[in-house]
Amino acid sequence: MLVRIVKMSFHKKHIEDFLSIFEEKKTSIKASKGCNLLELYQDKTNPEIFFTYSYWAKEQDLENYRNSELFKTVWAKTKILFNDKPIAWSVDKKVSLQ
């Protein structure tokens, strides 16, 4: 399983705009082929920093999503709200205890 982690930082005045976009599109993103989980986190000490975690069945599913019209639309609306360059990691999940 591939886990995609994206760190994003927004101008304080744009946080509500980002949350609105995420709320509107989260179900469609989660419905993308191979997306098994989608989570959004906000930093406790710096409310301008957010992280998304998405779990993908395979790398090709993530690539298909990243090349989709849905991603292009969401990213176009989101990237103009940033106050810093986003950082993304693709990692393999090794252990999970619940």
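Note that the structure is predicted; figures quoted are calculated from it, not measured.
Pairs of residues two or more places apart, or lying in two chains, that qualify as salt bridge (charged side-chain N to carboxylate O under 4.0 Å, His left out) and include a residue from residues 25-35 are E23-K26, K33-D61. Applying the salt bridge (charged side-chain N to carboxylate O under 4.0 Å, His left out) rule to pairs touching residues 46-60 yields nothing, sequence neighbours excluded.
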When the side chains of residues 36-43 are checked against the rest of the protein, which donor-acceptor pairs come out under 3.5 Å, sequence neighbours left out?
{"unit_1": "E39", "atom_1": "OE1", "unit_2": "Y41", "atom_2": "OH", "d": "2.6"}
{"unit_1": "Q42", "atom_1": "NE2", "unit_2": "P47", "atom_2": "O", "d": "2.8"}
{"unit_1": "D43", "atom_1": "OD2", "unit_2": "T45", "atom_2": "N", "d": "2.8"}
{"unit_1": "D43", "atom_1": "OD2", "unit_2": "T45", "atom_2": "OG1", "d": "2.8"}
{"unit_1": "D43", "atom_1": "OD2", "unit_2": "N46", "atom_2": "N", "d": "2.6"}

With a 3.5 Å cut-off and sequence neighbours excluded, list the donor-acceptor pairs that the side chains of residues 86-98 form with protein atoms.
{"unit_1": "S90", "atom_1": "OG", "unit_2": "R4", "atom_2": "NH1", "d": "2.7"}

Donor-acceptor contacts under 3.5 Å from residues 70-81 side chains, at least two apart:
{"unit_1": "T73", "atom_1": "OG1", "unit_2": "E69", "atom_2": "O", "d": "2.8"}
{"unit_1": "T78", "atom_1": "OG1", "unit_2": "V74", "atom_2": "O", "d": "2.8"}

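Every side-chain contact (heavy atoms from CB on, under 4.5 Å) that E63 has, sequence neighbours left out, goes to Q60, R66, N67. The side chain to side chain donor-acceptor pair (under 3.5 Å) search around S9 returns N83, not counting sequence neighbours.
We find the NE2-CG distance between H11 and D84 to be 9.0 Å, quoted to the nearest 0.5 Å. Distance check, rounded to the nearest 0.5 Å: OG1 of T27 to CZ of F22 gives 9.0 Å.
Under the 4.5 Å side-chain heavy-atom criterion for ILVMFWY residues, a single connected hydrophobic cluster contains both I29 and V6. Put simply, Y53 and M1 are part of the same group of oily side chains (I, L, V, M, F, W, Y) that touch within less than 4.5 Å, one to the next.
The shortest non-hydrogen separation linking Y65 to S68 is O-OG, 2.6 Å.
Taking the six-membered ring for Trp and thresholds of 30 and 60 degrees, F10 and F82 have ring planes inclined between 30 and 60 degrees apart.
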